**Q** 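This structure is in structure tokens; I'll ask about it shortly.
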Amino acid sequence: MKHGALFVVLLLSWMVSASGRVTTAQAPDPRNLQVLPKNLSRNDVVQQMRVIATALGVRCDHCHMEQRGAFDYAADDKETKSVARAMMRMTQEINGRLLPRIGRVPSVMVECATCHRGAPRPEPLTNILKDTVGRAGVPAALLQYRQLRAKLYGRGTHDFGPPPLNIVAEWLAGDRNDVDGAIAVQSFNLEVNPDVATSYSLLAILYLQKGDKERARASFSRALALDPTNEFYRARLASIK
Ligand code: HEC
Ligand code: HEC
């Protein structure tokens, strides 16, 4: 079983191995490992679990049931635990079988954090916001952006810079035919990410779609002030009669 051996080696290199470092006397050995090697010590499993919990931005209780202050880690009563098992198998499949096919020896392994980046579900910010617009409207989506940004800024979970909000604004003006909503999103974008020429340019284009030439002119002027050599902004500004 050559493949089996390679598989275990890749798995072990993917894991943060803590073998032989610490030992706890009382903790029972793992008894329900179906994906991790069955002979892993409890300490090695817990090290693994810490890496997983950090990657998903959750605590142990996300996947394990807590009863009267005690965890039954071997129990399989949470759906998230079974999804996590499938995710572990998927990650092994990527690292063990698919990644080696890229045409050179891979030097970076895929981990939970590669996709999750601190989120329980690795959903792009644009999708989260579009979904909220659809369910609850533009103000609710902007509030949600503020809350997510306050909690996650700097963690790498989402891009809180201009592009995702640009995309939501363009989607509102296009697919949803809601230019007012688009203007609200793009004005908000400039409030949270100020002084970005391309953001003013998009705002100007949205004002033109609404027929508000005065605000369009003002926005193109701001864009040009921030990026004085940009001929596109200069031409658009001159063309507004
Ligand atoms: C995202 C889900 C998830 C999170 C969060 C999580 N675990 Fe786990 N845990 C699992 C899965 C899945 C297994 C089973 C692995 C297998 O079948 O090989 C497991 C197994 C275990 C086991 C072995 C139980 C046994 O007897 O078989 C221990 C101990 C454990 N986890 C501790 C923890 C601790 C401590 C934390 C918090 C630091 C934690 N887990 C966080 C999913 C999770
Ligand atoms: C290739 C990208 C990728 C990798 C790597 C990955 N995941 Fe996921 N994970 C996803 C996606 C996408 C979803 C959402 C699936 C869905 O729509 O239900 C998800 C969902 C989950 C969920 C369900 C969350 C919920 O609340 O429903 C758990 C638990 C989870 N992942 C754990 C893990 C663990 C643990 C690892 C590492 C062993 C991991 N994932 C690695 C992409 C990934």
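Fair warning: this is a prediction, and the values are worked out from it, not measured in the lab. In each ligand, atom 1 is the first atom listed, and ligand 1 is the first ligand listed.
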**Q** When you measure from atom 22 (C) of ligand 1 to every protein heavy atom, which one gives the shortest distance, and what is it?
**A**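 For atom 22 (C) of ligand 1, the nearest protein heavy atom comes out as Val45 CG1, 3.6 Å.
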**Q** For ligand 1, which atoms, with element, lie under 4.0 Å from some heavy atom of Arg59?
**A**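 Atoms satisfying the 4.0 Å criterion: 5 (C).
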**Q** Relative to atom 1 (C) of ligand 2, which among Ser82, Cys115, Ala84 owns the nearest non-hydrogen atom?
**A**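 Ranked by closest heavy atom to atom 1 (C) of ligand 2, first place is Cys115.
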**Q** Below 3.5 angstrom, do we get any N/O pair linking Arg31 and ligand 1?
**A**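 N/O-N/O distance under 3.5 Å: yes.
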**Q** Would you check if the side chain of Arg234 reaches a backbone N or O of Pro228 as a donor-acceptor pair within less than 3.5 Å?
**A**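 Here the side-chain-to-backbone pair exists.
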**Q** Is it the case that one hydrophobic cluster holds both Phe188 and Val179, taking links as side-chain heavy atoms less than 4.5 Å apart, direct or via other members?
**A**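 Different clusters: Phe188 never reaches Val179 through Ile, Leu, Val, Met, Phe, Trp or Tyr contacts under 4.5 Å.
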**Q** Identify the protein heavy atom lying closest to atom 16 (C) of ligand 1, giving its residue, its atom name and the separation to 0.1 Å.
**A**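 Heavy-atom neighbour on the protein nearest atom 16 (C) of ligand 1: Gln34 N, 3.3 Å.
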**Q** Answer yes or no: is there an ion pair linking Lys78 with Asp72, defined by an N-O contact shorter than 4.0 Å?
**A**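 A salt bridge is absent here (no side-chain N lies under 4.0 Å from a carboxylate O).
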**Q** So is there a nitrogen or oxygen of Asp29 less than 3.5 Å from a nitrogen or oxygen in ligand 1?
**A**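 It does not: no N or O of Asp29 is found under 3.5 Å from an N or O of ligand 1.
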**Q** Can we say Glu123 and Lys130 salt-bridge, meaning some charged N sits less than 4.0 Å from an Asp/Glu carboxylate O?
**A**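 Salt bridge absent between Glu123 and Lys130.
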**Q** Anything under 30° is parallel, anything over 60° is perpendicular, the rest tilted; go ahead and classify Tyr73 against Phe71.
**A**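 Plane angle under 30°, so parallel.
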**Q** With heavy-atom distances below 4.0 Å as the criterion, list the atoms of ligand 1 near Val35.
**A**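 Answer, ordered by atom number: 16 (C), 17 (O), 18 (O).
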**Q** In terms of atom number and element, which parts of ligand 1 are under 4.0 angstrom from non-hydrogen atoms of Val58?
**A**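 The list of qualifying atoms is 5 (C).
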**Q** For atom 31 (N) of ligand 1, which candidate among His64, His62, Gln47 provides the closest heavy atom?
**A**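 Going through His64, His62, Gln47 one by one, His64 has the nearest heavy atom to atom 31 (N) of ligand 1.
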**Q** With hydrophobic residues grouped by side-chain heavy-atom distances under 4.5 Å, do Ile183 and Leu165 end up in a single group?
**A**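 In one cluster: no.
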**Q** Let me check something: do Leu148 and Tyr153 share a hydrophobic cluster, defined by ILVMFWY side-chain heavy atoms less than 4.5 Å apart, either directly or through other members?
**A**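 Hydrophobic grouping puts Leu148 with Tyr153.
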**Q** With atoms numbered from 1 as shown, which atoms in ligand 2 lie under 4.0 angstrom from a non-hydrogen atom of Ile52?
**A**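 Once the distances to Ile52 are compared, the set is 35 (C).
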**Q** Under 4.0 Å from any heavy atom of Val110, which atoms of ligand 2 are there?
**A**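 Under 4.0 Å from Val110, ligand 2 has these atoms: 5 (C).
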**Q** Is Arg85 close to ligand 1, meaning an N/O of one under 3.5 Å from an N/O of the other?
**A**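 Yes, Arg85 has an N/O under 3.5 Å of an N/O on ligand 1.
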**Q** Show, in sequence, the C-alpha distance, side-chain angles and deciding distance for Met109 and Ile94, and conclude whether the side chain to side chain contact (heavy atoms under 4.5 Å, CB included) test is met.
**A** CA-CA 9 Å; Met109 292 284 119; Ile94 294 171; over 6 Å; no
**Q** Atom CG in Asn95, atom CD in Glu111: separation rounded to 0.5 Å?
**A**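 Asn95 atom CG to Glu111 atom CD measures 8.5 Å (nearest 0.5 Å).
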**Q** Is there an N/O/S atom in Tyr73 at a distance below 2.8 Å from atom 8 (Fe) of ligand 1?
**A**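 It does not: Tyr73 brings no N, O or S atom closer than 2.8 Å to atom 8 (Fe) of ligand 1.
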**Q** State the atoms of ligand 2, each with its element, that fall below the 4.0 Å cut-off from a heavy-atom position in Thr91.
**A**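 What qualifies from ligand 2 is 5 (C), 37 (C), 38 (C), 41 (C).
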**Q** Inspect the surroundings of CG in Asp175 and state if more than 12 heavy atoms from other residues, nucleotides or ligands are less than 6.0 Å away.
**A**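 Atom CG in Asp175 is packed in, count exceeds 12.
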**Q** Before signing off on this row, confirm whether Val46 and ligand 1 have an N or O atom pair separated by under 3.5 Å.
**A**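 No; every N/O pair is 3.5 Å or more apart.
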**Q** Should the proximity of Glu79 to ligand 2, defined as any heavy atom under 4.0 Å, be assigned to the side chain, the backbone, both, or neither?
**A**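 Answer for Glu79: neither.
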**Q** What are the atoms of ligand 2, with element, lying closer than 4.0 Å to any heavy atom of Met88?
**A**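 Close to Met88: 38 (C).
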**Q** Minimum distance, heavy atoms only, to atom 3 (C) of ligand 1: which one of Cys63, Pro30, Cys60, Cys112 is it?
**A**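 Comparing heavy atoms across Cys63, Pro30, Cys60, Cys112, the nearest one to atom 3 (C) of ligand 1 lies in Cys63.
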**Q** Could you go through Leu226 and Val196, starting from their C-alpha distance and side-chain angles, then the distance that decides it, and tell me whether this counts as side chain to side chain contact (heavy atoms under 4.5 Å, CB included)?
**A** CA-CA 7 Å; Leu226 289 161; Val196 179; 5.9 Å; no
**Q** Please report which non-hydrogen protein atom sits nearest to atom 19 (C) of ligand 1, along with the residue it belongs to and the distance in Å to one decimal place.
**A**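 That would be Met49 CE, 3.2 Å.
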**Q** For Leu56, take its heavy atoms, then give the atoms of ligand 1 lying under 4.0 Å from any of them.
**A**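 Under 4.0 Å from Leu56, ligand 1 has these atoms: 1 (C).
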**Q** Return the closest protein heavy atom for atom 13 (C) of ligand 1 as residue, atom name and distance.
**A**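 Checked against all protein heavy atoms, atom 13 (C) of ligand 1 sits closest to Lys81 CE, 3.4 Å.
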**Q** Please name the atom of His116, restricted to N, O or S, that is closest to atom 8 (Fe) of ligand 2.
**A**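 Among the N, O or S atoms of His116, the one closest to atom 8 (Fe) of ligand 2 is NE2.
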**Q** Would you check, one step at a time, whether the test side chain to side chain contact (heavy atoms under 4.5 Å, CB included) holds for Met87 with Leu56?
**A** CA-CA 12 Å; Met87 289 273 153; Leu56 272 64; over 6 Å; no
**Q** Looking at Ala74, which atoms of ligand 1 are within less than 4.0 Å of one of its heavy atoms?
**A**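 Here the atoms of ligand 1 in question are 24 (C), 25 (C), 26 (O).
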**Q** Compare every heavy atom of Leu190 with every heavy atom of Leu203, then report the nearest pair and how far apart it is.
**A**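 Answer, listing the atom of Leu203 first, then Leu190: CD2-CD1, 3.9 Å.
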**Q** Considering only heavy atoms, does Thr114 approach ligand 2 within less than 4.0 Å through its side chain, its backbone, both, or neither?
**A**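 It is neither part, as no heavy atom is under 4.0 Å.
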**Q** Before you tell me yes or no, could you show the steps for Tyr233 and Tyr200 under ring-ring contact (aromatic ring centres under 6.0 Å, His included), namely the whole-Å CA-CA distance, both residues' side-chain angles and the distance that decides it to 0.1 Å?
**A** CA-CA 10 Å; Tyr233 303 157; Tyr200 275 110; 9.8 Å; no
**Q** Under 4.0 Å, heavy-atom basis, I'd like to know which part of Thr80 is in contact with ligand 1: side chain, backbone, both or neither.
**A**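 For Thr80, there is no contact with ligand 1 at all, from either part.
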**Q** Of the side chain and backbone of Leu33, name the one, both, or neither that has a heavy atom under 4.0 Å from an atom of ligand 1.
**A**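 Both backbone and side chain of Leu33 come within 4.0 Å of ligand 1.
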**Q** Geometry only, no angles: is Glu111 polar-contacting ligand 2 at N/O separations under 3.5 Å?
**A**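 Among all N and O atoms of Glu111, none is under 3.5 Å from an N or O of ligand 2.
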**Q** Select one of side chain, backbone, both or neither to describe which atoms of Asn32 lie under 4.0 Å from any atom of ligand 1, heavy atoms only.
**A**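 It is both backbone and side chain that touch ligand 1.
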**Q** Measuring from atom 33 (C) of ligand 2, which candidate in Met90, Glu123, Arg121, Met87 has the nearest non-hydrogen atom?
**A**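 That would be Met87.
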**Q** Kindly work out whether a path of hydrophobic side-chain contacts (I/L/V/M/F/W/Y, heavy atoms less than 4.5 Å apart) joins Val185 to Tyr207.
**A**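 No; tracing contacts between hydrophobic side chains, which count when under 4.5 Å, never links both residues.
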**Q** Which of these passes side-chain contact (heavy atoms from CB on, under 4.5 Å) with Phe160: Asn193, Val192, Leu152?
**A**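 Among Asn193, Val192, Leu152, the one that satisfies the side-chain contact (heavy atoms from CB on, under 4.5 Å) with Phe160 is Leu152.
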